[in-house]
Enquirer: 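Please read through the structure below; I'll follow up with questions.
Only heavy atoms go into these numbers, but all of them, side chains included; no hydrogens, no water, no symmetry mates.
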Amino acid sequence: MNDNPANTTSPARKRRWVRGFVIGLAVLLLLLALAIQQALQPRFATRLILREAGQALGLDISADGEAELQLRGTPRWVIRGVSARLPGTQRELLHAERILLSLPWSTLKSRGKLLDIERVELDAPTLDLAVLAEWRKSRPPSTEQRLPTLSRGLRLVRGQVLGNGWKMDDIEADLPRFAPKEPLAAHLRGRYIARTMQLPFDLHLVLSEPAKTAALGLAGDITPTASDWKMPMRIRLSAPMHWSDEGLRLQPAKLGADVRYEGRGGDPVPFALGAYGPAHISSDGLHWPRLSLALRAEGAVPNLDATGKLQASDRLQLTLDGQIHAWPEVWPKLPPPLSDSNSPLPFSLDYTGAFDFSDVIALGVRRDATRFDGRFHVRDVLAWRDAASTGSPLPPINGRLSTPKLEIADAQLEGVEVDFDEPTVPAVSEKP
């Protein structure tokens with residue numbers, strides 16, 4: 001018989017040890033389950049993901065709305081009230097009411113090696129281009145450019161882009177599919193807004209591929225609209241494009257448009273427009289430094305060809321030099337011997353002002369030895385043309401007409417100079 005007390009208590013101690021181990025394991029598993037449950041809570045997961053994304057992008061990213069996290073089937077994550085700011089500031093690069101991200105498990109399991117996404121949706125995103133440019137300059141240079149695949153595309157509604165003195169709002173975008181090295185097609189709608197003009201647009205865009213350098217095609221409807229006129233137009237644009245930190249360069253841009261001018265009263269005036277040359281689009285607007293322009297029409301719009309430059313930011317700057325092919329028949333008849341000439345009419349035009357052309361236009365026109373140089377408000381000249389019953393024989397312009405010879409009512413005048421003085425046209429400001 002074994003009378004060792006240690007041996008008699010060993011089974012009891014083993015039972016207590018096993019019981020304690022089981023209880024401890026149960027507590028550990030409970031704590032682990034609670035931790036997993038907490039980690040899978042949408043609000044907690046959202047804070048974690050946005051913090052990691054912010055650190056990777058160099059931004060302060062937050063979301064103050066309710067989040068949704070669905071893990072059944074294809075995982076789907078919805079966040080609301082999203083804000084991305086420059087670190088330590090209140091300068092907001094992006095704000096969105098709602099962002100939906102749907103991506104397969106294979107992407108989640110790859111830990112960033114795969115960028116396959118099913119679908120992205122954005123509600124009311126606002127992008128500030130000035131803040132975007134500042135953020136891009138703060139980022140370290142990178143030679144690696146990885147683009148995701150969106151198998152079910154992207155949808156954007158009620159978007160807004162803020163530029164320098166202009167903005168675009170009511171933006172809608174539909175991309176059925178997005179993939180690197182594949183052609184891209186998108187439907188874009190929205191409205192460009194400057195101080196004195198709006199430009200609603202409904203366009204179809206295609207790219208040879210979503211890359212910094214690609215072939216661009218654009219077709220659809222835009223309607224420049226001022227307070228008392230609008231110009232609906234159907235446009236077609238194509239260009240080799242290059243995107244960089246300085247903006248979008250089209251080298252060159254080829255633009256064709258069927259245009260219809262509609263003013264207050266009177267009949268619409270249709271014409272065709274063509275433009276060609278390298279263009280640059282940035283947060284400061286549109287810059288077309290070497291512009292070739294052609295107009296073709298029948299009626300009040302003259303057929304002309306010109307070259308010049310265009311700058312459109314918070315104001316419009318347009319400079320053209322060219323020639324009018326012939327004096328339109330519907331324009332007021334020229335007195336002899338001007339009416340006997342078939343020579344084209346070289347012209348120069350200079351305008352700096354509001355987008356609605358409400359400021360002063362400077363115009364110079366020649367035919368043979370006859371020359372006219374004047375300044376006027378285009379609205380006043382159009383009103384004078386349409387109000388023939390007022391009996392005013394002279395248009396509301398400032399300027400001078402000079403010609404070697406003029407025939408009026410069987411009288412021949414030589415060395416003619418006519419000065420026009422219109423008090424509503426401001427004097428030319430002296431340049432420093």
Side-chain angles (χ1 to χ4, degrees), residues 194-199 223-233 259-271 273 293 295 297 299-304 306 308 310-312 314-322 324 327-335 338 345-367 370-403 406 408 416-431:
R195 292 178 181 174
T196 58
M197 176 174 287
Q198 298 187 10
L199 195 151
T223 306
T225 304
S227 60
D228 56 357
W229 61 266
K230 63 180 180 179
M231 283 199 301
M233 60 180 72
V259 188
R260 188 175 70 255
Y261 174 85
E262 300 177 1
R264 287 182 178 175
D267 296 328
V269 180
F271 60 94
L273 176 150
L293 183 71
L295 295 184
V301 177
N303 292 335
L304 62 83
L310 181 148
Q311 175 79 43
D314 57 335
R315 293 171 70 80
L316 176 66
Q317 299 178 23
L318 176 64
T319 301
L320 293 174
D321 290 287
I324 300 171
W327 189 266
E329 293 184 1
V330 300
W331 285 11
K333 297 295 183 181
L334 294 173
L338 297 178
L345 293 86
F347 77 94
S348 62
L349 181 146
D350 192 2
Y351 176 78
T352 299
F355 279 85
D356 61 355
F357 287 94
S358 58
D359 291 301
V360 174
I361 292 179
L363 177 67
V365 182
R366 301 191 310 275
R367 168 169 267 182
T370 300
R371 183 179 183 90
F372 167 77
D373 292 288
R375 301 173 69 251
F376 55 89
H377 290 105
V378 65
R379 283 183 176 140
D380 294 342
V381 173
L382 292 175
W384 168 82
R385 182 201 66 180
D386 295 337
S389 61
T390 61
S392 175
L394 299 177
I397 59 177
N398 270 349
R400 170 172 289 190
L401 172 70
S402 61
T403 184
L406 201 62
I408 300 178
V416 176
E417 290 188 355
V418 180
D419 289 324
F420 299 88
D421 186 14
E422 172 56 47
T424 62
V425 178
V428 179
S429 59
E430 296 184 1
K431 297 182 180 180

Enquirer: How long is the gap from NE2 on His377 to CG on Asp359, to the nearest 0.5 Å?
Expert: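 So the NE2 of His377 and the CG of Asp359 are separated by 6.5 Å.
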Enquirer: Write down the atom of Leu406, the atom of Pro335, and the distance for their closest heavy-atom approach.
Expert: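 Smallest heavy-atom distance, with atoms named: CD1-CG, 3.5 Å.
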Enquirer: I need the Leu293 CG to Leu310 CG distance, nearest 0.5 Å.
Expert: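 Nearest 0.5 Å value for the CG-CG distance: 9.5 Å.
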Enquirer: Rounded at 0.5 Å granularity, tell me how far CG in Leu349 sits from CG in Leu320.
Expert: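 Taking CG in Leu349 and CG in Leu320, the distance rounds to 5.5 Å.
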Enquirer: Can you give me the closest heavy-atom contact between Gly299 and Pro328, atom names plus distance?
Expert: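 In this case the closest contact between Gly299 and Pro328 is O-CB, 3.6 Å.
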Enquirer: State, to 0.1 Å, how close Asn303 and Ala297 come at their nearest heavy-atom pair, and which atoms those are.
Expert: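 The pair with the smallest heavy-atom distance is OD1-N, 2.7 Å.
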Enquirer: If I take atom CG from residue Leu295 and atom CG from residue Leu304, how far apart are they, to the nearest 0.5 angstrom?
Expert: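 Answer rounded to 0.5 Å: 4.0 Å.
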Enquirer: Can you name the closest pair of heavy atoms from Pro426 and Arg375 and give their distance?
Expert: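 Reported closest heavy-atom pair: O-NH1, 2.5 Å.
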Enquirer: Do NZ/NE/NH1/NH2 and the carboxylate oxygens of Arg400 and Asp373 come within less than 4.0 Å?
Expert: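 No, Arg400 and Asp373 are not salt-bridged.
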Enquirer: List the residues meeting side-chain hydrogen bond (donor to acceptor under 3.5 Å, both in side chains) with Gln311, not counting sequence neighbours, and say none if there are none.
Expert: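 By the side-chain hydrogen bond (donor to acceptor under 3.5 Å, both in side chains) rule, Gln311 matches no residue at all.
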Enquirer: Between Trp229 and Asp356 (side chain of the first, backbone of the second, donor and acceptor by atom type, cut-off under 3.5 Å), is there such a pair?
Expert: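 Yes: the side chain of Trp229 pairs with the backbone of Asp356.
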Enquirer: Return the set of residues passing ring-ring contact (aromatic ring centres under 6.0 Å, His included) with Phe357 (not counting sequence neighbours), or none when no residue passes.
Expert: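 Applying ring-ring contact (aromatic ring centres under 6.0 Å, His included) to Phe357 gives Tyr351.
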Enquirer: With side chain to side chain contact (heavy atoms under 4.5 Å, CB included) as the test, would you mind laying out the steps for Phe271 and Met231 before giving the verdict?
Expert: CA-CA 10 Å; Phe271 60 94; Met231 283 199 301; 4.2 Å; yes
Enquirer: Are Arg367 and Leu334 packed together at the side-chain level, in the sense that at least one heavy-atom pair is separated by less than 4.5 angstrom?
Expert: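 Yes, side chains in contact.
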Enquirer: With side chain to side chain contact (heavy atoms under 4.5 Å, CB included) as the test, pick out the partner of Asn398 among Val360, Asp419, Val425.
Expert: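 Answer to the side chain to side chain contact (heavy atoms under 4.5 Å, CB included) test with Asn398 among Val360, Asp419, Val425: Val425.
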Enquirer: Does Val269 form a side chain to side chain contact (heavy atoms under 4.5 Å, CB included) with Val301? I'd like the steps, not just the answer.
Expert: CA-CA 8 Å; Val269 180; Val301 177; 3.4 Å; yes
Enquirer: How far apart are the C-alpha atoms of Thr352 and Leu316, what are their side-chain angles, what is the distance that settles it, and do they pass the side chain to side chain contact (heavy atoms under 4.5 Å, CB included) test?
Expert: CA-CA 6 Å; Thr352 299; Leu316 176 66; over 6 Å; no
Enquirer: Under 4.5 Å between any side-chain heavy atoms of Asp228 and Arg379, yes or no?
Expert: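 With C-beta onward as the side chain, the pair touches.
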Enquirer: Would you give the length of the straight line joining atom OG of Ser348 to atom CZ of Arg366, rounded to the nearest 0.5 angstrom?
Expert: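 If I round to the nearest 0.5 Å, the distance is 7.5 Å.
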Enquirer: Given the rule in the side chain to side chain contact (heavy atoms under 4.5 Å, CB included) test, do Ser227 and Gln198 qualify, once you have shown the distances and angles that lead to the verdict?
Expert: CA-CA 9 Å; Ser227 60; Gln198 298 187 10; over 6 Å; no
Enquirer: What's the shortest heavy-atom distance between Phe420 and Ile397, and which atoms?
Expert: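 Where Phe420 meets Ile397 most closely, the heavy atoms are CB-O, 3.3 Å.
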Enquirer: Identify the heavy atoms of Met197 and Pro224 that sit nearest to each other, and give their distance.
Expert: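 Result for this residue pair: SD-CB, 4.0 Å.
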Enquirer: Tell me every residue that passes side-chain hydrogen bond (donor to acceptor under 3.5 Å, both in side chains) with Arg260, counting only those two or more places apart in sequence or in another chain.
Expert: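 Once residues adjacent in sequence are excluded, the partners of Arg260 under the side-chain hydrogen bond (donor to acceptor under 3.5 Å, both in side chains) criterion are Glu262.
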Enquirer: Kindly indicate whether the side chain of Leu318, heavy atoms from C-beta on, has any atom under 4.5 Å from the side chain of Ile361.
Expert: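 Side-chain contact under 4.5 Å: no.
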Enquirer: With rounding to the nearest 0.5 Å, note down the distance linking NZ in Lys230 to OG1 in Thr223.
Expert: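 The NZ atom of Lys230 sits 7.0 Å away from the OG1 atom of Thr223.
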Enquirer: Any donor-acceptor pair under 3.5 Å linking the side chain of Ser402 with the backbone of Glu417?
Expert: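 A pair under 3.5 Å: no.
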